[in-house]
Amino acid sequence: MTDVAPPRGTQDVLPPSSDALLAVVDAAHEIARLYGYRYVETPAFERTEVFERTSGGSSDVVTKEMYTFEDKGGRSLTLKPESTAPVVRAYLATRQSLPLPFKAYYVEKNWRHGRPQAGRLREFRVFGIEVLGTDAPGADVEVITVANRFLRARGLARLTLHLNSIGDEVCRPRFREDLVAFLEPRQDRLDREHRETWRRNPLRVLDCTTPECRSATEDAPRILDYLDDACSEHFGAVRSGLDEEGVAFELDHRLVRGLDYYTRTTFEFVSGALSPAQATVCGGGRYDGLAEVLGGEPTPGVGYGLGLDRLLLAAAEEGAASSGSRAVRCYVVGLGEDARREARALLRELRDAAIPADASLEDRPLKAQLRMADRSGAPFAALLGDRELREGVVTMRRLADGEQETVPRGEVADWLSR
RNA sequence: GUGGGCGUAGCUCAAUCGGUUAGAGCGCCGGGUUGUGGUCCCGGAGGUUGGGGGUUCGAGUCCCCUCGCUCACCCCA
């Protein structure tokens with residue numbers, strides 16, 4: 001019994017929850033197309049360096065959460081823990097034949113080895129978009145707008161957008177220096193964890209939520225005060241662009257994010273419907289230096305990753321109506337050998353007419369077939385017995401209330417699509 | 001990865017102080033003559049009490065290990 005359970009931190013998705021997942025996936029494809037994004041796929045695994053070099057050696061993702069293995073040729077490979085670096089790699093490999101800027105999206109799985117809990121799986125699904133090849137603030141605005149629209153359309157109302165700019169390689173070092181100088185005399189007031197690491201990764205201290213770190217950094221320097229003219233102007237344009245799009249946000253100078261490749265704009269959508277530890281349903285930002293780290297031409301970019309599993313949890317929590325039944329429209333019931341042959345013909349016709357339909361694969365009693373019709377969720381059952389066969393008709397039964405109508409055999413498809 | 005809580009049919013739960021063959025509801029499958037599902041009646045399948053070890057005459061119940069879920073931390077989707 002336990003041996004048929006899926007591996008730890010993974011899950012089987014079966015009806016009816018697979019319907020909800022599919023609805024979200026469909027909606028992702030739809031909104032991506034609506035905004036002009038093109039579908040991309042990259043391999044499930046990459047050379048390990050792709051993540052080591054881009055995410056930053058000190059990040060948790062790289063140091064302890066990657067599924068890394070050696071293949072039979074001795075290469076070190078890693079199941080992708082995030083999708084931005086692979087997409088940028090693929091872009092660099094193919095860019096001569098792609099439009100500029102290139103707007104990409106994907107719906108796929110990522111893998112991270114952490115201790116699983118609700119909203120944090122080892123294998124999880126993301127819907128991400130990336131705009132490559134432009135540093136225009138309009139790209140940042142568009143990316144955030146798509147996420148906002150998508151999340152709200154899926155029924156997430158208790159949603160906060162946290163927004164920040166963490167500068168670039170020109171202005172961030174000055175800030176970092178001042179922050180270190182600020183923390184130095186206060187290091188004893190930090191929590192145990194950051195007392196060790198504050199010097200190596202001072203920005204992370206700002207992100208820490210413990211009361212100790214919060215009070216110690218109350219008056220810490222703020223990155224927004226350090227932005228140089230270019231970054232400051234860029235961030236101003238992003239903010240006014242969001243205002244223009246009607247996307248509400250909260251400035252959060254503590255938002256630094258966990259991957260090293262981010263520059264300038266960073267953002268997170270946090271759901272109030274999820275437990276705070278896993279409440280980030282979408283996170284992203286700008287990564288103008290990423291392509292160079294991969295050894296490619298300088299290529300600015302901005303994008304997000306949006307967790308579909310968390311989205312579904314939050315939507316369920318907020319009582320969002322799960323949309324679109326995947327049930328067939330008609331369940332065909334055949335009684336007896338002759339009528340069953342005719343039922344199979346009808347089934348073929350319905351499917352040829354693009355009407356989703358189903359029937360029992362075995363010869364079963366009427367009651368059993370009707371029960372199957374009921375469980376299939378189909379709104380109608382088409383009944384074919386000797387009586388209908390003789391008269392060249394089909395009895396159409398509305399399963400909700402048992403209302404029946406006799407329809408000429410040749411008009412069933414039309415009757416169902418009216 | 002660190003710390004806490006919890007594991008009894010598919011689901012929700014019961015089982016006296018450690019006592020003999022672990023029950024119920026729902027769900028699932030079948031039947032109530034080849035003419036009506038969802039309601040009703042009848043029947044059935046389904047459990048090594050997560051797994052392993054120990055204590056005991058006897059363990060679902062007590063102890064240890066392990067696996068899983070869960071919450072917090074860490075981090076993030």
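Just so we're clear, the structure is a prediction, and the values are computed from it rather than from any experiment. In the text below, chain A, chain B and the rest are named by the order of the sequence lines, each starting its count at 1.
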When you compare the protein's N or O atoms with those of nucleotides 2-6 of chain B, which come within less than 3.5 Å of each other, and at what distance?
from	atom 1	to	atom 2	distance (Å)
B:rG3	O6	A:R115	NH1	3.2

Whole-angstrom distance between B:rU21 and B:rG58, as gauged at atom P: 13 Å
Within the 4.0 Å heavy-atom criterion, would you say [X] contacts the bases, only the backbone, or no part of the nucleic acid?
X: A:N110; answer: nothing
X: A:A373; answer: nothing
X: A:L383; answer: base
X: A:L121; answer: base

Could you pick out which residue, A:P116 or A:A400, lies toward the 5' side of RNA chain B when each is mapped onto its nearest nucleotide? A:A400
Please list every donor-acceptor pair under 3.5 Å in which a side-chain atom of residues 23-37 of chain A meets a protein atom from a residue at least two apart or in another chain.
from	atom 1	to	atom 2	distance (Å)
A:D26	OD2	A:R326	NH2	2.4
A:H29	ND1	A:Y105	OH	2.6
A:Y35	OH	A:R149	NH1	3.0
A:Y37	OH	A:E142	OE2	2.6

Pair up each side-chain donor or acceptor in residues 338-345 of chain A with any protein partner under 3.5 Å, not counting sequence neighbours, and list the distances.
from	atom 1	to	atom 2	distance (Å)
A:R340	NH1	A:E362	O	3.4
A:E342	OE2	A:R409	NE	2.7
A:E342	OE2	A:R409	NH2	3.1

Please work out the stems of RNA chain B from pairs that are Watson-Crick or G-U wobble with both distances under 3.5 Å, keeping only runs of three or more consecutive pairs. B:1-7 with B:67-73, B:10-13 with B:23-26, B:28-32 with B:40-44, B:50-54 with B:62-66
Can you measure [X] atom [atom1] to [N] atom [atom2] for me and round it to whole angstrom units?
X: A:R398; N: B:rU36; atom1: CZ; atom2: C1'; result: 16 Å
X: A:Q117; N: B:rU70; atom1: CD; atom2: C1'; result: 8 Å
X: A:L370; N: B:rU34; atom1: CG; atom2: P; result: 14 Å
X: A:L335; N: B:rU36; atom1: CG; atom2: P; result: 10 Å
X: A:L366; N: B:rG35; atom1: CG; atom2: P; result: 8 Å

Reckon A:T395 has a side-chain N or O less than 4.0 Å from the OP1 or OP2 of B:rU36? no
Distance below 4.0 Å between A:R8 side-chain N/O and B:rG68 OP1 or OP2: yes
A:R387 has a side chain; which of B:rG37, B:rG35, B:rA72 sits nearest to it? B:rG35
As a test of reading the structure: which of B:rU36, B:rA77, B:rC71 is closest to the side chain of A:Q404, going by heavy atoms? B:rU36
Using a cut-off of under 3.5 Å, enumerate the N/O to N/O pairs linking the protein to nucleotides 26-29 of chain B.
from	atom 1	to	atom 2	distance (Å)
B:rC28	OP1	A:R375	NE	3.2
B:rC29	OP2	A:R375	NH1	2.3

For nucleotides 39-45 of chain B, tabulate all protein N/O to nucleotide N/O atom pairs closer than 3.5 Å, reporting atom names and distance.
none

Indicate whether any N or O donor in one side chain lies under 3.5 Å from an N or O acceptor in the other, for A:Q369 and A:Y331. no
Between CG of A:L308 and CG of A:L313, what distance do you get to the nearest 0.5 Å? 11.5 Å
